[in-house]
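In what follows, a single structure is set out as structure tokens and then discussed.
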2 protein chains.
Amino acid sequence: MANKSVDCGGMETRMTPQRLRSTSTWLLGQATTHAHRLVTDALGAVGARRYHYSLMAALEEFGPASQADLGRRGGLDRSDVVATVNELADRGFVERRPDPADRRRNIVNITPSGEAHLRHLDQVLGQAQDALLAPLSAAEREELARMLNAVLKHHG
Amino acid sequence: MANKSVDCGGMETRMTPQRLRSTSTWLLGQATTHAHRLVTDALGAVGARRYHYSLMAALEEFGPASQADLGRRGGLDRSDVVATVNELADRGFVERRPDPADRRRNIVNITPSGEAHLRHLDQVLGQAQDALLAPLSAAEREELARMLNAVLKHHG
DNA sequence: ACCGACTTGTTGGCCATACCAACGATTACC
DNA sequence: GGTAATCGTTGGTATGGCCAACAAGTCGGT
């Protein structure tokens with residue numbers, strides 16, 4: 001508890017403690033906070049939310065599915081899938097109908113309008129991402145994605 | 001039988017859509033979710049929370065400070081600082097006393113017991129972090145931290 | 001010395017995210 | 001056939017990050 005040039009007049013000094021700046025979990029959290037704000041704002045500007053994208057991405061890539069499957073694929077809770085499908089169906093981006101082969105299930109599928117919307121969200125999201133990762137080169141972004149994927153795979 | 005009504009071509013279920021797996025913001029969010037759970041659980045096991053660490057880290061590195069300054073240094077809201085200082089003071093990890101030179105302020109300082117606790121949290125957090133980043137080499141972890149710091153600096 | 005503008009601590013509340021619990025209806029398993 | 005599991009759905013909870021307002025105090029200009 002010796003070194004305390006409490007107000008190092010230099011602007012050089014970061015005001016965040018070293019302990020935090022060298023803690024990956026803290027860095028991840030901070031970066032994610034920025035990312036969330038950027039993405040949420042960008043999506044909000046076109047009336048969408050993050051869950052919308054996850055769900056429609058799964059639909060467009062794997063085709064129609066039950067809500068439970070959708071939840072598993074996007075990492076959403078079943079209950080959150082309900083609300084998300086409600087919102088998307090209200091806007092005509094997906095359709096929900098009972099599965100005749102299994103009357104417990106609903107079959108959800110994406111509409112043409114939904115696909116167009118998804119592609120729009122791709123661009124909106126792309127811009128937000130560019131803003132977030134501005135200081136990183138393309139190679140670095142790839143490396144970052146690679147590492148994060150490795151972490152997720154390990155914990156999946 | 002009839003399996004999943006919709007199983008596009010035999011590829012073994014890659015649960016997560018490509019769109020998400022190549023979206024840095026989504027990857028960040030997922031990784032952070034895991035990190036938060038690991039860290040919150042680990043800290044909770046010793047009766048601490050994330051804010052405790054941020055605040056005590058700032059205190060130990062920069063010395064006594066007002067609550068407003070603490071908030072600025074750790075990126076906490078003033079109102080959250082109040083609650084955090086309350087909890088830490090109840091446990092004897094920090095002391096809060098009025099600043100005689102500016103009667104609006106409180107001066108918060110860390111106690112020896114608090115410093116010991118902080119060092120304990122260092123270890124607890126270190127373990128959680130190792131668990132999170134298990135699949136990454138030391139060099140990769142450094143690279144990750146470097147990139148995230150670059151992003152934060154750019155958005156600071 | 002005074003008045004307005006700002007800061008500080010504090011309380012209270014908001015909103016979104018991520019979960020969890022339970023339920024009726026249905027299907028699968030043995 | 002009977003038990004266990006699954007599905008959609010409704011509710012609720014816990015947390016995190018934030019914002020608004022306020023009284024007490026300080027500061028800047030005049």
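In what follows, every chain begins at residue 1, and chains take the letters A, B, ... in the order their sequences are listed. Scope of the values below: all heavy atoms of this structure, side chains included, with no hydrogens, waters or symmetry mates.
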Produce a footprint string for nucleotides 6-13 of chain C: one letter per nucleotide, 5' end first; B if the base is under 4.0 Å from any protein heavy atom, S if only the sugar-phosphate is, - if neither. -BBBBBB-
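For the contact set between residues 120-135 of chain B and DNA chain C, defined by any heavy atom under 4.0 Å, there are no members. Of the residues in residues 48-59 of chain B, B:Arg50, B:Tyr51 come within less than 4.0 Å of DNA chain D through at least one heavy atom, sorted by number.
Residue-environment remark: CD (A:Glu115) exceeds the threshold of 12 foreign heavy atoms within 6.0 Å.
Within the structure, every pair that satisfies the side chain to side chain donor-acceptor pair (under 3.5 Å) test and touches residues 35-52 of chain A, not counting sequence neighbours, is listed here: A:His36-A:Arg50, A:Arg49-A:Glu87, A:His52-A:Glu87.
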Full working for side chain to side chain donor-acceptor pair (under 3.5 Å) between A:Glu95 and A:Thr111: CA-CA 7 Å; A:Glu95 284 170 353; A:Thr111 65; over 6 Å; no
Intermediate values then yes/no, side chain to side chain donor-acceptor pair (under 3.5 Å), B:Arg96 and B:Gln67: CA-CA 9 Å; B:Arg96 167 207 269 143; B:Gln67 298 183 188; 2.9 Å; yes
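Atom-to-atom, CG of B:Leu76 to P of D:dC18 comes out at 9 Å; the value is rounded to the nearest Å. Nucleotide D:dT15 holds its P atom 17 Å from the CG atom of B:Leu38, rounded to whole Å. As a whole-Å value, the separation of B:Leu43 CG from D:dG16 P is 10 Å. For the pair A:His36 NE2 and C:dC15 P, the interatomic distance rounds to 19 Å; values are reported in whole Å. One atom, CG of A:Asp41, and another, C1' of D:dG17, lie 13 Å apart when rounded to the nearest Å.
With hydrogens and angles disregarded, a donor-acceptor distance shorter than 3.5 Å links the side chain of B:Gln129 to the backbone of A:Thr25. No side-chain donor-acceptor contact under 3.5 Å links B:His120 to the backbone of B:Ala116. Using modelled atom types, no side-chain atom of B:Asn106 and backbone atom of B:Val108 make a donor-acceptor pair closer than 3.5 Å.
Put simply, OG1 on A:Thr16 and CG on B:Asn149 are 8.0 Å apart, with the number rounded to the nearest 0.5 Å.
Applying the side chain to side chain contact (heavy atoms under 4.5 Å, CB included) test to A:Ser54 and every residue at least two apart in sequence or in another chain returns A:Leu76, B:Leu20, B:Trp26.
An angle of 30°, rounded to 10°, separates the two end axes of the helix from C:dA1-D:dT30 to C:dC30-D:dG1, each defined over five pairs.
Side-chain contact check for B:Leu43 versus B:Val124: some heavy-atom pair is nearer than 4.5 Å. Between B:Leu118 and B:Tyr53, some side-chain heavy-atom pair lies under the 4.5 Å cut-off. You'll find the side chain of B:Arg73 stays beyond 4.5 Å of the side chain of B:Leu55, heavy atoms only.
Of all non-hydrogen atoms in A:Ser113 and A:Gly92, the two that sit nearest each other are OG-O, 3.9 Å.
Between A:Val85 and A:Arg37, it is A:Val85 whose nearest contact on DNA chain D lies nearer the 5' terminus.
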